[in-house]
Amino acid sequence: MASFAEILAIRCRHTRTIARCLTLLWAGWWVFFGLSSSFNAGVAPARVLLHIALPGLIFLLTAAIAWRWENLGAKLLLWEGLLVFACYPIITWEANTLATILFVMLTMGLPPLLASILLRSNWQRMRILNLLGRTS
């Protein structure tokens, strides 16, 4: 029978993997979306980088930080998700429909919030494992 520490170590590995995959898929989607929408709009090559960088490359940088420093990455992802939920409706209320605003909030704001919760809970589990004298 597996001990509490072994079960916790397995959960840590799975939770970390799920959070990392979610973060990379989310950031990669926004890099792809920025690139494809800028090409579709026919913008100048210099503006393509700006179109990709906001928000795609910023999200990709946050994903890299979350991969290396779990606790810091969880905090950054939390702030990014909350920022999207707070600011996006205010900025685009006049220009977009409610359905569009909700869709963007769910695709741009919800994944970093979920990944943040997963990374933070995993970080706390790792602290418990360290207190028990075992790391994964």
Side-chain angles (χ1 to χ4, degrees):
M1 177 129 177
S3 69
F4 175 72
E6 291 170 346
I7 292 171
L8 203 56
I10 291 169
R11 285 182 134 188
C12 284
R13 284 193 302 271
H14 292 314
T15 305
R16 184 183 305 124
T17 302
I18 291 168
R20 286 176 172 174
C21 288
L22 178 63
T23 305
L24 286 176
L25 285 171
W26 165 73
W29 162 253
W30 285 106
V31 168
F32 166 75
F33 182 80
L35 184 64
S36 61
S37 65
S38 65
F39 284 142
N40 188 35
V43 298
R47 292 190 52 126
V48 169
L49 183 60
L50 179 67
H51 207 85
I52 296 170
L54 297 173
L57 294 179
I58 294 170
F59 292 163
L60 207 54
L61 178 66
T62 304
I65 290 171
W67 194 285
R68 177 66 178 98
W69 298 286
E70 210 167 270
N71 192 29
L72 175 63
K75 291 176 184 176
L76 286 174
L77 287 167
L78 177 69
W79 280 107
E80 284 180 359
L82 291 176
L83 188 68
V84 168
F85 273 103
C87 294
Y88 187 77
I90 295 169
I91 293 170
T92 62
W93 187 257
E94 297 292 324
N96 292 325
T97 64
L98 179 62
T100 302
I101 292 171
L102 288 175
F103 177 76
V104 171
M105 285 174 55
L106 291 176
T107 57
M108 192 182 272
L110 191 59
L113 289 177
L114 293 176
S116 173
I117 291 167
L118 290 173
L119 286 172
R120 182 68 181 176
S121 67
N122 187 61
W123 181 76
Q124 289 173 339
R125 284 188 195 133
M126 289 299 295
R127 288 186 63 204
I128 292 171
L129 279 175
N130 287 337
L131 291 175
L132 293 175
R134 179 183 171 160
T135 59
S136 63

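The residues of the chain are indexed from 1 along the displayed sequence.
Relative ring orientation between Trp29 and Phe32 is described as tilted, the plane-to-plane angle lying within the 30° to 60° band.
Of the inter-residue distances, the one linking Trp67 atom CH2 with Thr23 atom OG1 reads 9.0 Å to the nearest 0.5 angstrom. Ile117 contributes atom CD1, which lies 8.0 Å from atom CG of Leu78 (distance to the nearest 0.5 angstrom). Here the CG-CG distance, from Leu60 to Leu57, works out to 6.5 Å after rounding to the nearest 0.5 Å. In this structure, CG in Leu118 is found 11.0 Å from SG in Cys21, a value given to the nearest 0.5 Å. One distance of note links CD of Glu70 with CZ of Arg20; it measures 6.5 Å at 0.5 Å rounding. The distance from atom CD1 of Ile10 to atom OG1 of Thr15, rounded to the nearest 0.5 Å, is 11.5 Å.
Leu119 is not connected to Trp69 by any chain of hydrophobic side-chain contacts under 4.5 Å among Ile, Leu, Val, Met, Phe, Trp and Tyr, and they are in different clusters. Using a 4.5 Å cut-off between side-chain heavy atoms of Ile, Leu, Val, Met, Phe, Trp and Tyr, with links allowed through other members, Leu114 and Leu102 fall into the same hydrophobic cluster. Both Met105 and Trp30 sit in one connected hydrophobic cluster of ILVMFWY residues. Membership requires side-chain heavy atoms under 4.5 Å apart, directly or through other members.
The side chain to side chain donor-acceptor pair (under 3.5 Å) search around Arg120 returns Asn71, not counting sequence neighbours.
Inter-residue side-chain proximity for Val31 and Phe59 is flagged as unmet; no heavy-atom pair is nearer than 4.5 Å. Proximity of Trp26 to Leu77: side-chain heavy atoms (C-beta onward) are separated by under 4.5 Å at one or more points.
At distances below 3.5 Å, not a single donor-acceptor pair connects side-chain atoms of Ser116 with backbone N or O atoms of Pro112.
Residues Leu110 and Leu106 approach most closely at CB-O, 3.2 Å, considering heavy atoms. Residues Pro111 and Leu22 come closest through the heavy atom pair O-CD2, 3.6 Å.
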Pairs of donor and acceptor atoms involving the side chains of residues 79-95, under 3.5 Å and at least two apart or interchain, shall be tabulated with distances.
residue	atom	partner	partner atom	Å
Glu80	OE2	Thr62	OG1	2.5
Tyr88	OH	Asn96	ND2	3.3
Thr92	OG1	Tyr88	O	2.8

